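Beneath this line is the structure, given in structure tokens, with notes to follow.
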Amino acid sequence: MRSQLTSIAITLTLSSFGQTYDSLQVDTMKTQNIQNVTITSRRAGTRRMAGAVNGTLINREELFKAACCNLGESFTTNPSVDVNYSDAATGAKQIKLLGLSGTYVQMLTENLPNFRGAAAPYSLDYVPGPWMYSIQVSKGASSVRNGYESITGQIDVEYLKPDNDEGVMVNLYGGTLGRLEANADANIHLDDKLSTEVLAHYQDDFGHHDVNNDGFLDQPNVRQWNLQNRWKWKGERHMFHGGVSILKEDREGGQNHHTSPQAHHLYHIGIKTDRYEGYMKHAFILDPEHGTNIAVMGNASMHEMDADYGDRHYGVNQKNVYAQLLFETNFTEQHNLSAGLSLNHDYLTKDDKETTPGFYAQYTYNLNEKVVAMAGVRTDHSSRYGTFVTPRFHLKLTPNEVVSLRLSVGKGYRTVHALAENNYLLASGRTLVIEDLEQERAWNYGISSSFVIPLFGRTLKLNAEYYHTHFIQQAVIDYDSNPSQICITNLYGKSYSNTIQVDASYPVVKGLELTAAWRWNDVKSTYGGQLMEKPLSSRYKGLITTSYKTPLGLWQVDATLQLNGGGRMPTPVNGLWDRRFHAFEQVSAQVTRWFRHFSIYVGGENLTGFRQKQTIINADDPWSSNFDSTMVWGPVHGAMFYAGIRINYGRL
């Protein structure tokens, strides 16, 4: 009995490390042995997270439906998250959630805030796809436990674990645009309590493609080395998880002798990045019967970047330290209390630094999963902006097995490191002007409903949601007010977003799953005193995905159709571009053949071949004030095909 209670307590403790689903999760194939009979079942690739927060868990079953070379390429089949290029010359990408840019999404790795400031523009390339165990996407103002920064949601990446089944996994990948990748994961159980793991990644983009003949590379050449060592110790009353990682990346774009005849005076982009990280987590089980535990966790990183954008140079050496002390207990089965202290320190320059200590308390009431209410509040003190309070509330109602309703309201804050987070804007002939920016502040309100409906002997899953984000203060990137400048200013007026999404999934026949989704965005902000639609953002998105796996699980076919709506372009300068961009569609597909210890996959992206014709404005004169590579609203390259192999060597 005691061991069972300890196991339950450890699970509760680990929930403080993650969110609703934690590190100790089963693999995509569940296997049980019952008197020499083996029963194997396939679980869904995505599923709703339990609890009051509206969220989705994306596991490896879903990630294997595409090549997923990195985090930025892992949302192809996800209707909620968009990944768009921020700049055509550097390859900078950003996530969009609830119609707003990724700066309002709190990025976490295993429940620790990560990829802040200077790391943000290229961070989606820093997490190799084969390293990921799962991704948790939550919408709206999330739990106060993780801080005050989540305004539109959180994305939490769970890596493969040291205590997973022992063995070595290798993933090799090659694409027609001149990209090669090699990934490896190896773990060893040193004894029944201690295990270690090494994750390795190498990437080389060596293509020199210029399909539209504008003299610029369609995408930068990137060479990246990424290495991580992780350790885990699991005792009866104490658990430890920690590790270190190192990343080195060279990113080169712009004109060169392969693409431009003007070899004597080329516009060159070169970005060198060195990133070092370390993290640790300790959990102490105080009272297994009531799930009482204390957790201490923290991480530290140093992000050094040296970047050249033509004749402009930007260098930064950002240091970040984050620490957290958590306490959690269940008074009864219905009442849970979580409280803690946190400290975050960012240092970019002597004029751009901030130290923020804070504390929070969060109460959760759970009435047999029929009613789940979570109320939390935290107080933080910024060395730049003083003391501020973050309240948040979530409610989940499940009156029966068919319907579930969630409500949420919460406030969020964010400190802006304007140049670090938007340094790709230097790849423009315009002058970059940055005001003395205030702290961003916003309220987020959400309502969502999910239905599980028996239909023709199978189950239809239907979800509908609406979110409204209202900014009190915001850092606005203004392309419109001055044709010779890009201005990052405080908000002088209104700024808001409204998002409505409906999605449904249904197993049409055995082994065949169909998902369809539709999302509408209304995002506006004030530019130069005028309330206008946010530029370079699609008004709507449609998505249809199909996944078929043969009865014996030997073959798998996945396909996705995306329809991206049109939107507003920034005010045209000298008629160099249109006022609006039009809707476009994209198709991707992959076929996988599974074997006992390996699988082979082949596929293609953007099979419709659609690409934005003019990704770089005034490319023939990159040294002029009219040059701009940030006017990106669609794909920067055409159809791409790839092939790869995943190998599982089993136990070492």
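What you see below is based on every heavy atom in this structure, not just the backbone, and it leaves out hydrogens, waters and symmetry mates. Computed from a predicted model, the values in this text were never measured in an experiment.
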Would you say the side chains of [X] and [Y] form a donor-acceptor pair under 3.5 Å?
X	Y	answer
Y601	N171	yes
K139	T152	no
Y642	E605	no
Q106	Q154	yes
Y104	Q474	yes
Q485	T431	no
E158	S134	no
D218	H209	no
Y122	E249	no
S537	K96	yes
N564	S538	no
Q228	N226	no
N320	Q318	no

Can you check whether [X] and [Y] have ring centres sitting under 6.0 Å from each other?
X	Y	result
F216	F627	yes
F471	W443	no
Y267	Y309	no
Y540	W520	no

Should [X] and [Y] count as an ion pair when the cut-off is N to O under 4.0 Å?
X	Y	answer
E62	R60	no
D87	K93	no
R251	D125	yes
E304	K248	no
R384	D351	no
R223	D250	no
D306	K272	no

Once rounded to the nearest 0.5 Å, what's the spacing between atom [atom1] of [X] and atom [atom2] of [Y]?
X	Y	atom1	atom2	answer
E421	L425	CD	CG	11.0 Å
I472	L491	CD1	CG	10.5 Å
Y385	T356	OH	OG1	10.0 Å
N444	S142	CG	OG	9.0 Å
Q219	Y85	CD	OH	5.5 Å
L100	D82	CG	CG	11.5 Å

Sole residue of R430, R568, K534 in salt bridge (charged side-chain N to carboxylate O under 4.0 Å, His left out) with D480: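 Testing D480 for a salt bridge (charged side-chain N to carboxylate O under 4.0 Å, His left out) against R430, R568, K534 leaves exactly one candidate, R568.
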Going by the salt bridge (charged side-chain N to carboxylate O under 4.0 Å, His left out) test, name the single residue among R414, R441, R116 that passes it with E149.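 By the salt bridge (charged side-chain N to carboxylate O under 4.0 Å, His left out) criterion, E149 pairs with just one of R414, R441, R116: R116.
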Please report the shortest heavy-atom distance between [X] and [Y], naming the atom on each side.
X	Y	result
A517	D503	CB-CB, 3.6 Å
M302	N317	CG-OD1, 3.1 Å
L97	S138	CD2-O, 4.0 Å
R611	V211	NH1-CB, 3.6 Å
T560	T76	CG2-O, 3.7 Å
E435	Y492	OE1-OH, 2.9 Å

Once you measure the plane-to-plane angle for Y413 and Y148, does it fall in the parallel (<30°), tilted (30-60°) or perpendicular (>60°) bin?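 Y413 vs Y148 ring planes: perpendicular.
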Can you say whether the rings of W131 and Y159 are parallel (under 30°), tilted (30 to 60°) or perpendicular (over 60°)?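 The rings of W131 and Y159 stand perpendicular, inter-plane angle above 60°.
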Crowded around K319 NZ? As in, over 12 foreign heavy atoms under 6.0 Å?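 Result for NZ/K319: enclosed.
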Tell me whether S629 contacts the main-chain N or O of A427 through its side chain, where contact means a donor paired with an acceptor under 3.5 Å.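 Yes: the side chain of S629 pairs with the backbone of A427.
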Output yes when a side-chain donor or acceptor of N299 lies under 3.5 Å from a complementary backbone atom of P113, and no otherwise.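 A pair under 3.5 Å: yes.
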Are any of the side-chain heavy atoms of Y424 and N422 separated by less than 4.5 Å?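 Yes - at least one pair of side-chain heavy atoms lies under 4.5 Å apart.
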Test salt bridge (Lys or Arg N to Asp or Glu O under 4.0 Å) on D214 and K613 and set out the steps. CA-CA 10 Å; D214 64 356; K613 292 182 179 179; over 6 Å; no
Given the ring of Y466, does R519 sit roughly above its face, with NZ or CZ under 6.0 Å from the centre of the six-membered ring and within 45° of the axis?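 Cation-pi check for R519 and Y466: fails.
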Among D628, I617, T571, the one residue meeting side chain to side chain contact (heavy atoms under 4.5 Å, CB included) with W577: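 Of the listed options, the one satisfying the test is I617.
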Should R179 and E73 be marked as a salt bridge (Lys or Arg N to Asp or Glu O under 4.0 Å) after you check the CA-CA gap, both sets of side-chain angles, and the distance that decides it? CA-CA 14 Å; R179 182 174 185 174; E73 299 174 0; 3.0 Å; yes
